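In what follows, a single structure is set out as structure tokens and then discussed.
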Amino acid sequence: MMEPVSSIRATYLHSGLKTDERSSRLRQLQNGDVDVIVGVNCLREGIDLPQVSLVAILNADSAGFLRSETALLQIVGRAARNRFGRA
């Protein structure tokens with residue numbers, strides 16, 4: 001059994017959050033107040049966060065998750081802005 005990792009500061013994003021709450025959580029990442037943001041279909045396009053160093057896509061083959069190859073590249077691009085980024 002694995003021991004829980006308590007040193008990772010995390011928050012989440014989902015479509016049910018109000019815009020100001022989403023913005024607040026993104027600022028937490030930018031300011032270094034959190035290490036991880038877990039999002040469900042929230043980080044597709046239009047968010048420029050150079051602090052993002054890893055994008056993990058789970059269940060990308062599920063029906064309806066990716067609209068196109070371009071959408072996948074845009075998601076991968078979230079990590080590409082960081083010089084140490086991986087996707």
Side-chain angles (χ1 to χ4, degrees):
M1 188 170 190
M2 293 180 60
E3 292 294 319
V5 178
S6 62
S7 61
I8 298 175
R9 301 165 300 164
T11 190
Y12 62 92
L13 292 177
H14 61 77
S15 61
L17 293 175
K18 294 183 179 182
T19 302
D20 59 337
E21 183 62 25
R22 286 188 197 185
S23 297
S24 172
R25 292 174 187 214
L26 292 172
R27 272 193 307 280
Q28 288 177 329
L29 178 70
Q30 291 173 315
N31 295 336
D33 299 326
V34 297
D35 304 308
V36 174
I37 291 182
V38 177
V40 180
N41 278 352
C42 291
L43 300 177
R44 284 191 175 183
E45 301 112 9
I47 298 176
D48 185 12
L49 293 171
Q51 295 82 1
V52 173
S53 60
L54 175 66
V55 173
I57 302 171
L58 307 176
N59 296 327
D61 58 345
S62 297
F65 181 80
L66 295 175
R67 297 183 304 266
S68 66
E69 290 178 9
T70 301
L72 176 61
L73 291 173
Q74 289 173 329
I75 293 169
V76 171
R78 301 301 119 228
R81 288 172 171 76
N82 184 301
R83 73 180 209 181
F84 301 109
R86 296 179 299 158

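These numbers come from the heavy atoms of this one structure, side chains and all, not from hydrogens, waters or symmetry mates. It should be emphasised that the depicted structure is a prediction, and the values quoted were computed from it without experimental measurement. This chain uses plain numbering: 1 for the first residue, then up along the sequence.
Remark: side-chain polar atoms of Arg27 are not paired, donor with acceptor, to backbone N or O of Asp33 under 3.5 angstrom. No donor-acceptor pair closer than 3.5 Å links the side chain of Ser24 to the backbone N or O of Asp20.
Between atom NE2 of residue His14 and atom CD of residue Glu21 there is a gap of 9.0 Å, rounded to the nearest 0.5 Å.
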Discussion item. Under the criterion side-chain contact (heavy atoms from CB on, under 4.5 Å), I'd like the reasoning laid out for Leu26 against Leu13: C-alpha separation, chi angles, the key distance, then a yes or no.
Written reply: CA-CA 9 Å; Leu26 292 172; Leu13 292 177; 3.8 Å; yes
